[in-house]
Amino acid sequence: MSRGFEIVSKYQNDGINIPHRTTENAAGYDFESAVDFKLPSIWKLNFVKLLWAIRHENSLSEDEVAKAKAILKPYLVPTGIKAYMNPEEVLIIANRSSNPLKRGLILPNGIGVIDADYYNNESNEGEIFVQLLNFSVTDTVIKKGQRIAQGIFMPYLLADQDDLVEKATRVGGFGSSDK
Ligand SMILES: O=c1ccn([C@H]2C[C@H](O)[C@@H](COP(=O)(O)OP(=O)(O)OP(=O)(O)O)O2)c(=O)[nH]1
Ligand SMILES: [Mg+2]
């Protein structure tokens, strides 16, 4: 086995491009968005009211809480891509440097960790998603095919105590191993 990318079944006929490097020595394979989307600016949130309520222990209405949660919740950008790799390798998803500068986009998880056993998992076939938040003052529009993040394959090391805990089989992502 080696490492590489495949298109997830449901996107087979959607014109998805396999992640690619743009220059000879680029470390990152650029991932494109599989959809058009608009990310609202987080400043649409009424921070003054929110802070006032927290400071003065006034409770917010259910509507206000729901709106705040919706705006502050990271958007999961589908890529239509899955990645296979050797067991002791990982794919690190990192932001593009131009994202915060030009588009106000950050990865709220810092980096994304794509595990080798995420590939072809039973719940979503191992589709890679990129978490994004828009901290700029305007909404950001991203078109299908626009590059949104980069993936870097890396080897990882095991700790001496690794065998002490029995390992489960991965069934999905985003908290699927929570008890
Ligand atoms: O930006 C990301 C981060 C993770 N994942 C997928 C691949 C990864 O293998 C899986 C689990 O990620 P992680 O272990 O970081 O998240 P978790 O919250 O610990 O979820 P789990 O309980 O499923 O391990 O989710 C993505 O598609 N994009
Ligand atoms: Mg995990």
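Worth knowing before you read on, the calculation uses all heavy atoms, side chains too, and leaves out hydrogens, waters and symmetry mates. Both counts, for ligands and for their atoms, begin at 1 and track the order of listing.
- Atoms of ligand 1 found under 4.0 Å from any heavy atom of Gly172 (numbered from 1 in listed order, with element): 23 (O).
- In this structure the side chain of Gln131 reaches within 4.5 angstrom of the side chain of Pro108, judged on heavy atoms.
- Residue-ligand proximity, Ile128 to ligand 1, at heavy-atom distances under 4.0 Å covers atoms 27 (O).
- Asp162 and Lys167 are joined by a salt bridge, as a carboxylate oxygen and a charged side-chain nitrogen come within less than 4.0 angstrom of each other.
- Considering only non-hydrogen atoms, atom 16 (O) of ligand 1 lies nearest to Gly175 out of Gly175, Ser177, Gly151.
- Counting only heavy atoms of the protein, atom 12 (O) of ligand 1 lies nearest to Val113 O, 3.7 Å.
- Outside the 6.0 Å centre-distance limit, the rings of Phe5 and Tyr84 are not counted as a close aromatic pair.
- With hydrogens left out, the protein atom closest to atom 23 (O) of ligand 1 is Ser176 OG, 2.6 Å, a heavy atom.
- Looking at Ile93 next to ligand 1, no N or O pair under 3.5 Å apart turns up.
- Note on ligand 1: Val130 sits outside its first shell, no heavy atom being nearer than 4.0 Å.
- Between Met85 and Phe153 the shortest side-chain heavy-atom distance falls below 4.5 Å.
- Between Phe129 and Phe174, the ring planes lie perpendicular to each other; the angle is over 60°, past the 30° to 60° tilted range.
- Under a 4.0 Å N-O distance rule, the pair Lys44/Asp139 qualifies as a salt bridge.
- When only non-hydrogen protein atoms are considered, atom 11 (C) of ligand 1 lies nearest to Arg170 NH1, 3.6 Å.
- Counting heavy atoms under 4.0 Å from ligand 1, residue Asn109 touches it through the side chain alone.
- Scanning the protein for heavy atoms near atom 27 (O) of ligand 1, the closest one is Phe129 N, 3.1 Å.
- For the pair Ile81 and Val8, the minimum side-chain heavy-atom distance is 4.5 Å or more.
- Less than 4.0 angstrom separates some heavy atom of Gly112 from each of these atoms of ligand 1: 1 (O), 2 (C), 3 (C).
- Salt-bridge check for Arg170 with Asp115: passed, with a basic side-chain N closer than 4.0 Å to an acidic carboxylate O.
- Of the N or O atoms in Gln131, none lie within a sub-3.5 Å distance of an N or O in ligand 1.
- Taking the side chain as every heavy atom from C-beta outward, Leu91 and Ile93 approach each other to under 4.5 Å.
- Here Asp115 has heavy atoms under 4.0 Å from ligand 1 in both its backbone and its side chain.
- Comparing Tyr119, Tyr118, Phe174 by heavy-atom distance to atom 26 (C) of ligand 1, the nearest is Phe174.
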